[in-house]
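As structure tokens, the structure follows; a few thoughts come after it.
Each ligand, and each atom within it, is numbered from 1 in the order the structure gives.
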Amino acid sequence: MEDLLKLKGKNIVVMGVANERSIAWGVAKSLFDVGANVIFTYRKERSLVKLEKALEKNELEAKMIVQCDVNEDESIKNAFSQIGETLGAIHGVVHSVAFAHAEDLKNDFVETSRSGYAFAQDTSAYSLVATAREARPYMTEGGSIITMSYLGAERVLDGYNVMGVAKAALEASMRYLANDLGKQGIRVNAVSAGAVRTLSAKGVPSFNTILSQIEEKAPLKRNITNEEVAKMSIVMLSDLSSGVTGEVIYVDAGYHIMG
Ligand code: 1JT
């Protein structure tokens with residue numbers, strides 16, 4: 001299986017670990033399992049501390065850990081040049097970053113402020129574009145970029161609001177990037193994860209209701225796990241998906257097919 005994946009010894013950058021519940025952490029653990037070199041970026045000092053604790057607890061060693069604020073072009077540029085110059089080549093990137101102001105997920109969407117809208121777009125959608133641009137010069141052997149999306153990108157889900165619009169932009173950006181980077185042998189895809197209890201989900205008062213609705217309605221009659229998102233992410237990062245780019249792959253127990 002490891003031979004089929006071709007991820008052993010490959011340099012994969014993982015962005016967006018806030019703690020052990022993060023989708024990005026699940027993906028990172030699976031990357032370690034298949035023998036990849038894992039490079040982490042973090043924004044806040046608090047996330048770095050949590051990341052280092054998680055690595056120690058799981059007896060894992062990061063290839064590199066680099067500070068990166070996705071709201072700043074210079075920060076992204078510096079992070080990727082540091083990684084690229086140190087390791088030579090980058091083979092994959094996991095973009096698992098999103099943020100919006102709490103009030104924009106509480107009030108009606110129509111109340112979204114100009115600045116709240118711009119902030120969600122900047123952090124959650126444009127960050128993929130800037131990341132792809134800075135990673136590209138070092139992805140000299142081709143590779144795979146994945147990002148995390150959610151069903152709210154294409155359906156109206158009460159409360160998802162400004163994040164839904166940002167995820168729509170993220171998915172469209174992913175397709176345009178797939179077209180640009182394809183000639184360099186770089187694939188770009190999105191994994192649309194079903195609802196997972198992470199730090200991001202914490203501020204969502206209706207999250208329990210969302211989870212029980214999925215149990216009722218999804219073809220598999222259950223919610224999905226972080227490990228299931230991680231497994232599909234490995235597929236999308238690996239040679240197993242060599243013919244797939246510009247695609248949104250659902251890991252949601254089939255929920256999105258239902259009317
Ligand atoms: C963010 C947050 C991005 C929560 C997110 C997210 N992507 C998925 N979730 C969980 C979620 C949230 C809502 C929801 C369904 C799932 C919070 C911080 C900003 C980034 O409603 C249907 C609101």
Side-chain angles (χ1 to χ4, degrees), residues 14-27 41-44 46-47 50 68-71 94-113 115-128 131 146-174 189-218 222-226 228-230 232-233 248-256 258-259:
V14 177
M15 313 170 78
V17 178
N19 59 35
E20 276 190 275
R21 284 190 161 181
S22 296
I23 288 175
W25 175 249
V27 179
T41 73
Y42 67 95
R43 182 176 61 160
K44 291 186 257 172
R46 195 180 155 75
S47 303
K50 293 233 167 114
C68 180
D69 178 351
V70 297
N71 294 112
V94 179
H95 174 277
S96 186
V97 183
F99 210 61
H101 296 311
E103 72 237 37
D104 290 327
L105 303 179
K106 268 195 210 103
N107 305 330
D108 279 357
F109 175 68
V110 72
E111 302 296 343
T112 308
S113 67
S115 68
Y117 188 100
F119 178 68
Q121 288 282 333
D122 188 50
T123 314
S124 313
Y126 183 74
S127 62
L128 178 70
T131 294
I146 64 168
T147 186
M148 295 300 153
S149 194
Y150 183 58
L151 185 60
E154 50 180 305
R155 309 265 184 87
V156 173
L157 302 181
D158 272 330
Y160 202 59
N161 300 356
V162 75
M163 270 312 303
V165 178
K167 291 298 191 188
L170 176 72
E171 291 184 5
S173 302
M174 174 277 290
N189 291 285
V191 172
S192 186
V196 185
R197 255 187 216 292
T198 67
L199 186 63
S200 283
K202 255 208 168 130
V204 182
S206 57
F207 208 72
N208 283 332
T209 317
I210 294 166
L211 291 177
S212 55
Q213 277 169 358
I214 293 167
E215 265 181 35
E216 230 167 80
K217 211 167 167 192
R222 62 172 177 83
N223 280 283
I224 53 125
T225 64
N226 214 331
E228 289 175 312
V229 179
M232 182 52 79
S233 298
V248 180
I249 311 284
Y250 294 84
V251 182
D252 69 343
Y255 185 72
H256 77 282
M258 302 306 292

Practice problem: Might you work through the side-chain contact (heavy atoms from CB on, under 4.5 Å) test for Glu228 and Met232, ending with a clear yes or no? | Solution: CA-CA 6 Å; Glu228 289 175 312; Met232 182 52 79; over 6 Å; no
Self-check item: Criterion side-chain contact (heavy atoms from CB on, under 4.5 Å) on Asn161 and Asp104, from CA distance to verdict
Solution: CA-CA 7 Å; Asn161 300 356; Asp104 290 327; 5.9 Å; no
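Heavy-atom proximity to Leu105, at under 4.0 Å, picks out these atoms of ligand 1: 17 (C). Atom numbering of ligand 1 starts at 1 in the shown order; those under 4.0 Å from a heavy atom of Val204 are 12 (C), 13 (C), 23 (C). Those atoms of ligand 1 that come under 4.0 Å of a heavy atom in Leu157, given as number and element, are 22 (C). Of all the atoms in ligand 1, the ones that sit under 4.0 Å from a non-hydrogen atom of Ile210 are 14 (C), 15 (C), 21 (O), 22 (C). Under a 4.0 Å criterion applied to the non-hydrogen atoms of Gly159, ligand 1 contributes the atoms 23 (C).
Ala195 approaches Ile214 most closely through the heavy-atom pair CB-CD1, 3.9 Å. The minimum heavy-atom distance between Ala168 and Ala153, with the atom names listed, is CB-O, 3.4 Å. Residue Thr131 comes nearest to Ser127 through the heavy atom pair OG1-O, 2.7 Å, listed as atom of the first residue, atom of the second, then distance.
Considering each of Tyr150, Phe99, Phe119, Tyr160, the one bringing a non-hydrogen atom nearest atom 7 (N) of ligand 1 is Tyr160.
Here the protein heavy atom with the shortest distance to atom 10 (C) of ligand 1 is Phe207 CE1, 3.8 Å. Taking atom 17 (C) of ligand 1 as the reference point, the nearest protein heavy-atom neighbour is Ser200 O, 3.2 Å. Looking only at protein heavy atoms, the nearest one to atom 19 (C) of ligand 1 is Ala100 N, 3.2 Å.
Judged by distance alone, with hydrogens and angles left aside, the side-chain atoms of Lys217 form a donor-acceptor pair with the main-chain N or O of Gly259 at under 3.5 Å. The backbone N or O of Glu111 lies less than 3.5 Å from no partner atom in the side chain of Asn107, so there is not a single donor-acceptor pair.
When non-hydrogen atoms are compared, ligand 1 lies under 4.0 Å from the backbone of Asp158 (N, CA, C, O) but not from its side chain.
Note on ring orientation: taking the six-membered ring where Trp is involved, the planes of Phe109 and Tyr117 are tilted (angle from 30° to 60°).
For Ala195, the closest heavy-atom approach to ligand 1 does not fall below 4.0 Å.
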